[in-house]
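Heads up: the structure comes next, in structure tokens.
Lettering of chains follows the sequences in order, A, B, ..., and the numbering in each one begins at 1. These figures come from a predicted structure and were not determined experimentally.
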Number of protein chains: 2
Amino acid sequence: MKQITGTKQKILDTAERLFGERGYDGTSLRHIIAEAGVNLAAVHYHFGSKQELLDEVVLRKAGPVNEARLALLDRIEAEAGRRPPAVEKVLEAFLGPMVESAERNPQFVRLMGRMHAEGLIPGILRKHFQPAASRFLAALRRALPGLSEQEFLWRMHFMIGAMAHTMCRSPEFPGAAAGDVRSRIARLVVFLSAGFRAPAPRLRRSR
Amino acid sequence: MKQITGTKQKILDTAERLFGERGYDGTSLRHIIAEAGVNLAAVHYHFGSKQELLDEVVLRKAGPVNEARLALLDRIEAEAGRRPPAVEKVLEAFLGPMVESAERNPQFVRLMGRMHAEGLIPGILRKHFQPAASRFLAALRRALPGLSEQEFLWRMHFMIGAMAHTMCRSPEFPGAAAGDVRSRIARLVVFLSAGFRAPAPRLRRSR
DNA sequence: GTCTATACTGAGATAGAC
DNA sequence: GTCTATCTCAGTATAGAC
């Protein structure tokens with residue numbers, strides 16, 4: 001385990017902080033290197049491009065979050081035995097670890113929300129979260145056998161939107177005590193579970 | 001009614017199209033002026049800045065949408081008499097006109113979603129939609145007397161997130177027939193109504 | 001292998017001639 | 001009202017010092 005030179009580390013740390021504070025587009029490489037006290041070209045040497053820097057910032061944090069999520073899901077599924085676990089449980093397992101990460105490092109969840117916001121960046125989120133997310137998708141699917149595949153996918157999208165927006169905008173939100181992340185999750189879980197459980201709409205043949 | 005010079009109009013039309021197609025950050029002024037066949041400085045002469053150009057693009061479309069929304073809300077409230085109208089009705093009145101606008105001009109709703117996404121741009125959406133939105137907020141509030149103010153506001157945020165994400169990302173979405181906007185709305189309304197109606201969570205004193 | 005200096009291209013903005 | 005020229009600041013690329 002060699003101690004990494006420091007330059008790369010400093011860039012990562014500073015980038016994580018600034019991306020979280022001001023967004024990806026809102027943070028210039030020059031701002032990052034100024035605060036980190038390194039040279040501009042060092043960024044491209046170590047990471048190749050601004051996007052790849054972001055990629056590594058996300059990667060560093062996404063790993064632990066995903067592991068925690070999957071561990072929770074394992075436990076929940078074990079507890080449920082052969083029956084599918086409750087929607088609420090699955091959603092909590094999905095949202096909880098992100099929240100704990102947020103408590104240790106508020107900037108990170110902010111960044112997650114922002115990234116979803118800024119258009120997902122080509123596919124970074126998908127890349128890092130897809131593997132874990134698809135297991136949750138399957139678990140939710142089992143918990144909601146009554147929904148058509150299409151209806152189910154739409155509801156996943158509604159969920160993702162609500163989640164991202166909540167993570168991203170909550171700090172600047174009236175009445176949202178800064179540290180009150182747990183109740184934020186509780187509220188989200190209740191809201192989303194009810195939405196997921198709602199009977200599917202009867203649709204007129206379109207047009 | 002003087003015929004506007006043409007330059008301003010051309011810029012607006014082109015900007016609306018390109019912003020919708022490639023997002024705000026993804027569209028350079030130079031790209032806009034090239035397609036519109038005008039000079040770069042003309043943009044700053046007529047609009048002042050790229051942001052203010054976006055502002056006017058939104059303004060041009062937001063007006064009719066808001067009028068339609070409020071007209072629907074009036075009708076619904078009249079029909080309901082002294083009783084508050086159903087959550088579903090209010091949500092439909094809110095989402096419907098946006099959808100109709102989308103059918104005439106798919107790019108616009110796309111842009112709306114994207115703007116929410118790209119970080120709201122300082123306050124453009126708030127500026128143009130707040131007046132109408134606050135009447136809807138009041139109507140929803142009356143339809144949901146059981147919720148605490150705070151719970152209610154959070155749920156509004158969940159709704160906005162789901163809405164924005166759905167508008168923004170739906171075109172590139174598997175299984176989403178392009179023209180199938182009406183059923184998209186129906187699904188959203190069902191999902192959100194159920195969420196709004198869910199009993200509020202019991203929250204542990206935080207921490 | 002690491003890092004620095006510097007140059008290149010394209011962005012938004014602005015002053016001033018016409 | 002319109003256009004040219006120019007400014008500043010992005011992200012990126014490369015040559016070469018250590």
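Between A:Phe196 and A:Phe152, the ring planes are tilted. Angles from 30° to 60° get that label.
The distance from the OG1 atom of B:Thr14 to the CD1 atom of B:Ile33 is 10.5 Å, given to the nearest 0.5 Å. Here the CD1 atom belonging to B:Ile32 is positioned 14.5 Å from the NZ atom belonging to B:Lys10, to the nearest 0.5 angstrom.
In this structure, NE2 of A:His44 is placed 16 Å from P of D:dA15, rounded to the nearest angstrom. Distance CZ (A:Phe47) to C1' (D:dT12): 16 Å, rounded to an integer number of Å. For the pair B:Asp25 CG and D:dA10 P, the computed distance is 14 Å after rounding to whole Å. Separating the OH atom of B:Tyr45 from the P atom of D:dT4 is a distance of 17 Å, rounded to the nearest angstrom. Counting to the nearest Å, the C1' atom of C:dT2 and the NE2 atom of A:His46 are 6 Å from each other. Spacing between atom CD1 of A:Ile33 and atom P of D:dT12 amounts to 13 Å, rounded to whole angstrom units. We find that CD1 of A:Ile11 is positioned 10 Å from C1' of C:dC3, with the value rounded to whole Å.
Applying the ring pair (Phe, Tyr, Trp, His ring centres under 6.0 Å) rule to A:Phe136 yields the partners A:Phe94; only residues at least two apart in sequence or on another chain are considered.
The existence of a salt bridge linking A:Arg60 and A:Glu56 is excluded, since no basic side-chain nitrogen approaches an acidic carboxylate oxygen closer than 4.0 Å.
Neither OP1 nor OP2 of C:dG12 sits under 4.0 Å from any side-chain N or O of B:Ser49.
Residue pairs meeting the salt bridge (Lys or Arg N to Asp or Glu O under 4.0 Å) criterion with at least one member in residues 32-53 of chain A, sequence neighbours excluded: A:Arg17-A:Glu35.
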Taking only N/O atoms, report every protein-nucleotides 6-11 of chain C pair under 3.5 Å with atom names and distance.
{"unit_1": "C:dA11", "atom_1": "OP1", "unit_2": "B:Ser28", "atom_2": "OG", "d": "3.4"}

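A:Ala42 comes within 4.0 angstrom of a nucleotide base, judged by non-hydrogen atoms across all strands.
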